[in-house]
Amino acid sequence: MSEYKAVKVSKGPNGWGGPLVIHPTDKKKYVVSVTGGGIHPVAEKIAEMTGATAIDGFTSKVENDEMVCAVIDCGGTARCGVYPKMNVLTINLTATPPSGPLMQFIKEHNFVSGVKEKNIEFAEGEAPTSTAATATEGKSAQELKTEARQKVAEMNQGKTKKKANILERIGRFMGGVVNIFYQAGRETVEQVIKNILPFMAFVSCLIGIITYTGIGDLIANVISPLAGNIVGLLIVSIICAIPILSPVLGPGAVISQVVGVLVGVEIGRGNIPPSLALPALFAINPQAGCDFVPVGLTLGEAKPETIEVGVPAVLISRQFTGPIAVVIAYICSFGLYS
């Protein structure tokens, strides 16, 4: 009876599922590579570490009950679900979540994606050494690795390794490109449906409430008289950037829209110097984006601790950077309209 090792395959960056424990047996001893022709290095490494046999799934027929795992490079179509449906552990080289017509069969216990060679390691309790402790005592990791490769070479002795021809390399390259673009398009649509559209609906609702109740007009009419001088603009900037108010004033940029129109009209009438147009622009906008901070951090896959610290940090920083931006804009406006 052959001695096989178990390896753990974890998801890579932006991957999904797993980790999977691959442990061949005399019955299930084939690592099938279905990656556009040839045996992929990930499949070769799994076979080398476990003692299994790597097979090119495009040129050799292997029964389902003889596959210990299948290595694929699918961007989210058929292959993603075919092997999980057949109860074969599936390792996808492309970072993709469950998708395709057979996505209902893709589970964390039978599928892992985004896998690279560095995501493969010996399972807990396994070691790349032989069973005889005395045989490996005093040997370095490099020597043990060399011995393991020699044993694999002996196992495969007599087998001719088919070198990928130009058509296979071109096919694999083009398949990778198509998978990347397909995955990017699918993730974009998912982001729009799951995150952007609901947020737009929320902002629209909030703007409607502010407009209907007249809260925005009330605040704007109170602030607009301050827009005629630099001191007033600094006060407007400080008010708009108050951490408690800025997330409320941010949606729809109500303050900046209303006050901006009022200031523009007064500049046109000659009641406000044109030189205050630039500092006024920065004075009415320090709250811009403050309502989007938690959403932006969430879309950036920030951890809960990061969001908890990041939101108040951004809001408080705007309290200081807002007035500073007004002063800088005021200095830069000298001679701008002369």
Side-chain angles (χ1 to χ4, degrees), residues 6-24 28 30-50 52 54-58 62 64 67-124 168-169 171-195 298-303:
V7 296
K8 183 174 71 172
V9 182
S10 305
K11 63 182 180 181
N14 302 318
W16 185 91
L20 304 182
V21 176
I22 310 298
H23 194 177
K28 294 187 175 185
Y30 295 111
V31 178
V32 181
S33 178
V34 192
T35 55
I39 300 176
H40 195 275
V42 168
E44 289 183 345
K45 183 171 182 180
I46 294 175
E48 177 181 334
M49 294 176 66
T50 60
I55 294 291
D56 182 357
F58 282 95
V62 180
N64 300 338
M67 299 182 188
V68 64
C69 68
V71 179
I72 64 175
D73 59 350
C74 180
T77 51
R79 277 179 293 166
C80 273
V82 167
Y83 292 100
K85 183 181 179 181
M86 297 187 299
N87 295 320
V88 176
L89 298 180
T90 306
I91 300 168
N92 195 355
L93 307 178
T94 305
T96 176
S99 61
L102 301 176
M103 64 179 296
Q104 68 269 25
F105 298 103
I106 301 175
K107 308 296 181 182
E108 291 186 344
H109 66 270
N110 63 11
F111 183 88
V112 63
S113 65
V115 178
K116 310 293 182 185
E117 291 184 64
K118 62 182 180 181
N119 302 123
I120 305 170
E121 59 184 357
F122 282 99
E124 186 177 355
E168 289 181 351
R169 289 197 293 267
R172 182 176 294 178
F173 173 77
M174 293 304 298
V177 172
V178 171
N179 284 338
I180 290 174
F181 280 101
Y182 177 81
Q183 177 68 8
R186 191 170 60 81
E187 289 183 355
T188 300
V189 173
E190 288 182 355
Q191 289 287 353
V192 170
I193 295 176
K194 294 181 180 179
N195 297 294
T298 302
L299 291 177
E301 300 181 354
K303 294 182 179 179

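Computed from a predicted structure; not experimentally measured. Start at 1 with the first residue, then count along the sequence.
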Participant: Quick check: does any side chain N or O of Ser33 sit under 3.5 Å from a backbone N or O of Val31, one acting as donor and the other as acceptor?
Facilitator: no
Participant: Which pair of non-hydrogen atoms, one from Phe111 and one from Pro84, has the smallest distance, and what is that distance?
Facilitator: CD1-CG, 4.3 Å
Participant: Can you tell me how far apart NZ (Lys85) and OG1 (Thr90) are? Round to the nearest 0.5 Å.
Facilitator: 13.0 Å
Participant: Can you measure from CG (Asn87) to CG (Asn64) and round to the nearest 0.5 angstrom?
Facilitator: 9.0 Å
Participant: How about Val42 and Lys45: do any of their side-chain heavy atoms sit closer than 4.5 Å?
Facilitator: no
Participant: In chain order, what residues pass the side-chain hydrogen bond (donor to acceptor under 3.5 Å, both in side chains) check against Lys28, with sequence neighbours excluded?
Facilitator: none
Participant: Is Thr50 reaching over with its side chain to a backbone N or O of Ala52, donor-acceptor style, under 3.5 angstrom?
Facilitator: yes
Participant: Taking the side chain as every heavy atom from C-beta outward, state whether His40 and Asp73 have any pair of such atoms under 4.5 Å apart.
Facilitator: no
Participant: Which heavy atom of Lys11 sits nearest a heavy atom of Asn119, and at what distance?
Facilitator: O-ND2, 3.8 Å
Participant: Quick check against the 3.5 Å criterion: does Lys118 have a side-chain atom that pairs as donor or acceptor with the backbone of Val115?
Facilitator: no
Participant: Nearest 0.5 Å, what's the CG-NE2 distance between Leu89 and His23?
Facilitator: 12.5 Å
Participant: Could you pull out the closest heavy-atom pair between Ala43 and Ile39, with the gap in Å?
Facilitator: CB-CG2, 4.0 Å
Participant: Name all residues meeting the side-chain contact (heavy atoms from CB on, under 4.5 Å) criterion together with Lys8; count only those two or more places apart in sequence or in a different chain, and write none if there are none.
Facilitator: Ser10, Pro19, Glu121
Participant: Can you tell me if Ser113 uses its side chain to pair, donor with acceptor, with the backbone of Trp16 under 3.5 Å?
Facilitator: yes
Participant: Grab the two heavy atoms, one from Cys69 and one from Ile22, that are nearest each other, plus how far apart they are.
Facilitator: CB-CD1, 3.8 Å
Participant: Taking all atoms of both residues into account, what is the closest heavy-atom pair of Leu20 and His109, and its distance?
Facilitator: CD2-O, 3.3 Å
Participant: Do Ile91 and Ile120 come close enough that some side-chain heavy atom pair is under 4.5 Å?
Facilitator: no
Participant: At what distance, to the nearest 0.5 angstrom, does CG of Leu93 lie from NZ of Lys116?
Facilitator: 7.0 Å
Participant: List the residues meeting side-chain hydrogen bond (donor to acceptor under 3.5 Å, both in side chains) with Glu117, not counting sequence neighbours, and say none if there are none.
Facilitator: none
Participant: Grab the two heavy atoms, one from Ala6 and one from Val21, that are nearest each other, plus how far apart they are.
Facilitator: CB-CG1, 4.2 Å
